[in-house]
Amino acid sequence: MVSKRRRLESENKENMTEDAFEIMKQPLSKLAKKSHDAHEVEENGSVFVRLLKTSGLTLKTGENQNQLGVDQIIFQRKLFQALRKHPSYPKVIEEFVNGLESYVEDCDSLRNCLLSCERLQDEEASTGAFYSKSLIKLLLGIDILQPAIIKMLFEKVPQFLFENESSDGINMSRLIINQLKWLDRIVDSKDLTTQMMQLISVAPVNLQHDFITSLPEILGDSQHANVGKELSTLMMQNTSLTVPILDVFSSLRLDPNFLSEIRQLVMGKLSSVRLEDLPVIVKFILHSVTDTTSLEVISELREKLNVQHFILPSQVQASQSKLKSKGRASSSGNQENSDKDSIILIFDVIKSAIRYEKTVSEAWIKAIEHIESAAEHKALDVAMLLIIYSTSTQTKKGIEKVLRNKIQSGCIREQLLDSTFSTHYLVLKDICPSILLLAQTLFHSQDQRIILFGSLLYKCAFKFFDTYCQQEVVGALGTHICSGNEAEVDAALDVLLELTVLNPSAMRLNAVFVKGILDYLENMSPQQIRKIFCILSTLAFSQQPGTSNHIQDEMHLVIRKQLSSTVFKYKLIGIIGAVTMAGIMAEDRSVPSNSTQRRADLSSEQSTQVTSLLQLVHSCTEHSPWASSLYYDEFANLIQERKLAPKTLEWVGQTIFNDFQDAFVVDLCAVPEGDFPFAVKALYGLEDYNTQDGIVINLLPLFFQEFAEDVSQVTSQESRQKSMSPLCLASHFRLLRLCVARQHNGNLDEIDGLLDCPLFLPDLEPGEKLESMSTKERSLMCSLTFLTFNWFREVVNAFCQQTSPEMKGKVLSRLKDLVELQEILEKYLAAIPDYAPPFANVDLDTLDVIPWSSSAVSTRQRNKGKGGRKQKANGSKASSTEALPTEDTSECDAGPCGRSQADKESTAKEGKTFVSLQNYRAFFRELDIEVFSILHSGLVTKFILNTEMHTEATEVVQLGPAELLFLLEDLSQKLENILTPSFVKRICFLKNKGSRNVGFSHLRQRSVQDIVHCVVQLLTPMCNHLENIHNYFQCLGAENLSVDDKPGAEAQEHTMSSCYQKLLQIFYTLFAWKGFTHYSNHHLLRSALEVLTSRLKQMDQEQPLEELVSQSFSYLQNFHHSIPSFQCGLYLLRLLMSILEKSAAPAQKKGTLASLAKQFLCHSWPRAEKEKSTSFNDHLHDMLCIYLEHTDNVLKAIEEIAGVGVPELVNAARDAPSSTFPTLTRHSFVIFFRVMMAELEKTVKGLQAGTAADSQQVHEEKLLHWNMAVRDFSILINLMKVFDSYPVLHACLKYGRHFVEAFLKQCMPLLDFSFRKHREDVLSLLETLQLNTRLLHHLCGHSKIHQDTRLTKHVPLLKKSLELLVCRVKAMLVLNNCREAFWLGTLKNRDLQGEEIVSQCPSSPESTSVDSGDGITTHGSRSRATEDQEDEASDGQKDQDNDESDDSSD
């Protein structure tokens, strides 16, 4: 940079002296012209002076400029002619030069000759030129004078080399060398080059830089090569001249090989040069890049170019300079600014090269793309990707692809991105719009890892850039939040929330953008609404007093407006917002000790605000069970997530405790009052109480009070009594137990009586009295069962983590009660098909889903017998307990959801109706993830106490199969919801996107990593259960028990099989989680694999990941011996495949997977006949695909199934399966056939045609593969004669065309250059294929006869492929000089059985027909292709749409 700066200075001085000197001296020159003093003119009689004067130039003495009276070109021509016509020519030249030398002996005269001449005024006006050359420059333009004058100049230069600049800033050495620049012609360029290089070698360093940088302006092109070599030698001798020499190299025309050598020399020194020299060096390297060397050069440059070690010390220095004196700080600040300028110049050079040299940008992208290890990636790589993205519009898609691949492979991580922005923020802040555009593009991805990277871009931009960029970041995030895409909204809200917590002062400046999001709350999920209110509340109630009052006021206004809304949905939004804001206000923050008193005052004021806000919410919700339930659940979630101030928590706890006790708890001795249709008893108590002691939940009296009211009389919830609704029992208890747990550090002794206390209920077991009950009585009993069921679920939630054996035993007892109630519910629901249960979970997801189902199913069924009365939009209300506020029915109706008609019931042969409780998930209280700690339980001793609290008896309780299945089913559903990507889980049309999250609201409030960590902790007990079930089935198989041998064994076996399946399903869902690929979750994967590995061997030290994967695979593989059902086998295979995905060499275990899959396909499953359903067909399809995808020889496997298994099926009895493949039956044949055809097509597409240059052995191997493929195709196509159902024919048409097309593309080129050496093999192959194409032709005719549009739409495309095959075979024979082997006939149209289709016979009696049996000639050297003569024009006009659309099976 020093050299560049000096060069600029010298050029400026030259311009000043040569271009602008006349203007600066203009007043003096004009005065001189007016005075015309005689003594200022040089008057002597020398040839030099006389010739100049006659040519039009007058020499001046002193500091006056020489005057030029004519145009410069005229002067040079006159002087040249005067010299040539002089009588003493050429001696006059020597005299002229001697005169010049004598004249310039005086320094002032030399200075005048080197400075520009003065033009006379009239001449100036006539020419319009304002620039005049110096006398020396004019003389150098005359060829006969040039060599002598150059020699004179180089003799003069050494006199001034070591002199300082004069007072007017003119350096004589530079001024002399400047005369040699931009000469129109150089007479002796070689001599000039030699003298210049000699001068450079002896000049001081400061002048060396200027002389070197002047070389391109002095020398001609012919001397560039010689100068380059001498400069390279000089550079190796004197490294301080590297920068000016490289700067010159960029302007010289040099040989590419020479530049390559210089580049390698410079690249070796790149890491040791000064920062201010780097821009010139990088510029030279990038300008010397060629197409062939670009990738190699850029790869080496990115390795050697390390700007980071220049920046970090400067930042440390800047922080330290604040502690030093002002002078020293100023000095360090100047140095830091210089470093920053140099870095900016470096990237300007790079950006310029990228913008104008496509080769450079492409090479840089490839160099980064070829880096495999995450440790090898540098901050410069990420910065360059961002710079190229902003600079080149053509490479945006390529940059996005590279970034996606790097993110998915874990190469670019958060730490690297943060380092990139902290190191290169000076450069990146200029491309902030492009960075935000890239982040916006990444946000549209479906991969969570890519969305996370987009979030990191937003966070880094906000953290490192200025206020304007921060505003753009918040605006962009607001756009994502309002987009409606669930993944985008969640990611953007997470970013905003994190920015608010980390930098609230900067976020407050952009609060107006965040407040605008409140207009879009209606379409958001509850969790998203919580985050928005959390962001705004954090900004409003920050610790800086008086800075955010306007935000507080607007928050209060918005929440009050929503709470008082008549639209129930907005009221729920208001409840969520109010509770979230109260949590932020009442949060227990740590404060410094010196502000304790001030904090206490603030806490008192905020405590009053919190209390008044919660009282407002309570008053707005107390008349609506729905609103009250949501309020309690929201408050419970708040207490679970945040640590509230002790004063607030104490007030809330006491209030909730009193309200719950007054509303729901009565003494056991109290006699329920009321006219109940059933006898009321205190049921489900776990202790034997005296009639005088104990408490009981007053469920039936409270519920019957609401149930007895007529629905038509209830127009509003406000008409109800002020007593608490029993519908809020579970949610109120959840809030109570979390308050108690938070106050007592998890100890629930204060409310442990609620675990074993009974409930006032009738006998819920229906028995035989169910048929005699009225519809209203059935609804009452079913609703009570639902409420009891949900009460016990919340009780289990509350006490599942208590450590005492007594409490554990009671929790297991409640779990058994849940299983019993589940069976009772199934009986009631089967008897009341149009029943709508009482709500359990209230949130916006429930509102979006439940009314549609209710109105679509329940109302339709109920109105069947009412004369076709018009359905109402508000859905069904089975009882008054489900009635909602009717201020706005269209919005407030949140009636419960029934099941879809298809899934609601299934009738067995006996006529009994069975109901699946999976369809009622929205009506069950959600189990917390902590509940599954019960899986750790073994045998628990439960103590039964007498009235004097002495142990009366002991009872051993353990987790039974039914209770285990209950827990595993719930855990499986949770993992399926939280770990399966949202774009995989398809949502039916008309169903809201929120329906997927109904029943998982608490789960969705926890992070995915937290859930995975909890499940990993459960792997050990789940492995214990898996091994116990494995042992059970092994013993069962050894004993060979039947149902007759042991009554009830079938039911127990079915339960154990279901547990087995759920355990494998949970393991598969866990290990198939895509989040394991992210580097931040690698420790979770390792922990999970270590648990599985520890089941095989004890680990003394940390194992490598590959070893853990191998041992885990071996552990899980051992369970295949005891697989009880086909579905369990499929989940085991999927689990093993997901484990193998974590391996670096998964191909080693592919054979094991294929062997297991074949073993399951060849196994005779005992309940296979009962599994003849759509789900079984899907499982069979997946199993067969796994087998064929992992087997070593797909063609051989297909031939085994089609050539062995299918003939066995054809020859077997009607309902008997194949003996080799028992899963192959007449019902499942379609699945086998379709999968085999698809895999055959995939396999032949992967067979490469090869080239003629390949060896003969390669050709023979490829021909062998194609022979096997055509043989398999022939076997499969001929099966349509036996199995002629639509799915089989459709598969033949679809995959038959694909096979023919693959044969044309992949096999025909192989036959072209294999025909001469393998003539017989090729002809045999074509003859076999010809027979199959005839069958396809018959299938086309069959489709037209039956006029099945599902089949006929494939006919034109298939016909086209068959015609192309005929032409291609003919071309192959012509190419190999065997045209006589081809002849063309007319094929008769026949059906599948070979019968001629009379209606499609040719009308001309003379036409020749070829019978399908005579298609092959007897000569081995002949091959024949046939085509249909029938006009297919009408078919050609039909819609040739994609044949992937209708793949349905009968």
Side-chain angles (χ1 to χ4, degrees), residues 278-279 282-283 286-287 289 294 298 301-302 305 307-308 311 340-369 371 377-407 411-412 414 416-445 450-451 453-477 479-480 495:
L278 271 179
V282 172
K283 179 182 178 182
L286 293 178
H287 283 193
V289 166
S294 58
I298 297 298
L301 178 62
R302 65 159 293 277
L305 185 61
V307 186
Q308 190 168 0
I311 296 177
K340 291 180 179 178
D341 293 340
S342 299
I343 292 169
I344 293 175
L345 279 174
I346 292 171
F347 282 96
D348 284 344
V349 168
I350 295 175
K351 283 192 281 188
S352 176
I354 289 171
R355 182 179 288 111
Y356 300 112
E357 295 290 341
K358 185 179 179 181
T359 306
V360 176
S361 62
E362 292 178 348
W364 215 302
I365 295 173
K366 289 180 180 178
I368 297 174
E369 196 173 6
I371 308 171
H377 285 77
K378 303 162 59 178
L380 178 65
D381 298 329
V382 183
M384 285 308 306
L385 289 176
L386 297 177
I387 289 172
I388 297 173
Y389 186 84
S390 66
T391 305
S392 178
T393 56
Q394 292 82 8
T395 57
K396 287 188 183 296
K397 293 294 183 183
I399 295 294
E400 292 171 7
K401 181 180 179 181
V402 172
L403 273 176
R404 285 190 175 94
N405 294 336
K406 295 292 183 183
I407 295 166
C411 293
I412 300 181
E414 181 176 1
L416 179 61
L417 188 63
D418 191 75
S419 173
T420 302
F421 275 81
S422 62
T423 305
H424 305 290
Y425 72 97
L426 290 172
V427 181
L428 297 181
K429 69 179 182 180
D430 295 332
I431 60 171
C432 177
S434 296
I435 293 175
L436 298 186
L437 177 63
L438 175 62
Q440 181 181 356
T441 304
L442 297 180
F443 255 62
H444 296 155
S445 174
I450 297 176
I451 297 176
F453 185 82
S455 303
L456 293 176
L457 282 179
Y458 279 127
K459 285 188 281 191
C460 290
F462 190 90
K463 178 180 178 182
F464 292 99
F465 296 161
D466 56 15
T467 306
Y468 172 75
C469 292
Q470 291 176 345
Q471 178 180 327
E472 293 296 314
V473 169
V474 177
L477 290 173
T479 304
H480 288 301
V495 175

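- Atom SG of Cys432 is separated from atom CG of Leu386 by 11.0 Å, given to the nearest 0.5 angstrom.
- Results of the side-chain contact (heavy atoms from CB on, under 4.5 Å) test with Ile412 over Leu403, Asn405, Thr420, Leu456 single out Leu403 as the only residue that passes.
- Remark: Lys366 NZ is loosely packed, at most 12 non-hydrogen atoms of other residues, nucleotides or ligands lying under 6.0 Å away.
- With hydrogens and angles disregarded, a donor-acceptor distance shorter than 3.5 Å links the side chain of Ser390 to the backbone of Ile387.
- Counting heavy atoms from C-beta on, the side chains of Ile388 and Ile368 never come closer than 4.5 Å.
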Show your reasoning for whether side chain to side chain contact (heavy atoms under 4.5 Å, CB included) applies to Ile371 and Lys406.
-> CA-CA 9 Å; Ile371 308 171; Lys406 295 292 183 183; 4.0 Å; yes
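- At a threshold of 4.0 Å, the pair Asp466-Lys429 does not count as salt-bridged, since none of the basic side-chain nitrogens sits closer than that to a carboxylate oxygen.
- With rounding to the nearest 0.5 Å, the separation of CG in Leu385 from CG in Leu438 is 9.0 Å.
- What you find for Pro279 and Val349 is that their closest heavy atoms are O-CG2, 3.9 Å.
- The main-chain N or O of Leu437 is found under 3.5 Å from a side-chain atom of Thr441 such that the two form a donor-acceptor pair.
- When every heavy atom of Tyr458 is checked against every heavy atom of His480, the shortest pair comes out as OH-NE2, 2.8 Å.
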Evaluate the side chain to side chain contact (heavy atoms under 4.5 Å, CB included) criterion for residues Cys460 and Phe465: first the C-alpha distance (whole Å), next the side-chain angles of each, then the deciding distance (0.1 Å), finally the verdict.
-> CA-CA 8 Å; Cys460 290; Phe465 296 161; over 6 Å; no
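- Atoms OG and CG, from Ser294 and Leu286 in turn, are 11.0 Å apart once rounded to the nearest 0.5 Å.
- Remark: side-chain polar atoms of Ser445 are not paired, donor with acceptor, to backbone N or O of Leu442 under 3.5 angstrom.
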Taking it one step at a time, do Lys396 and Ile399 satisfy side chain to side chain contact (heavy atoms under 4.5 Å, CB included)?
-> CA-CA 5 Å; Lys396 287 188 183 296; Ile399 295 294; 5.8 Å; no
Using the side chain to side chain contact (heavy atoms under 4.5 Å, CB included) rule, take Ile435 and Phe421 through it: C-alpha gap first, then chi angles, then the decisive distance, then the call.
-> CA-CA 11 Å; Ile435 293 175; Phe421 275 81; 4.1 Å; yes
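- To the nearest 0.5 Å, atoms OG (Ser361) and CE (Met384) are separated by 9.0 Å.
- Between the CG atom in Leu436 and the CD1 atom in Ile431 there is a gap of 10.5 Å [rounded to 0.5 Å].
- Judged by distance alone, the side chain of Asp381 and the main-chain N or O of Lys378 form a donor-acceptor pair under 3.5 Å.
- To the nearest 0.5 angstrom, Phe464 atom CZ is 10.0 Å from Leu428 atom CG.
- Annotation for Ala439 and Gly454: closest pair CB-O, 3.8 Å, computed over non-hydrogen atoms.
- Counting heavy atoms of neighbouring residues, nucleotides and ligands inside a 6.0 Å radius, atom CD of Glu400 exceeds 12 of them.
- When all heavy atoms are compared, the tightest approach of His377 to Cys411 is CE1-CB, 3.4 Å.
- Atom CD of Glu414 is surrounded by 12 or fewer heavy atoms from other residues, nucleotides or ligands within 6.0 Å.
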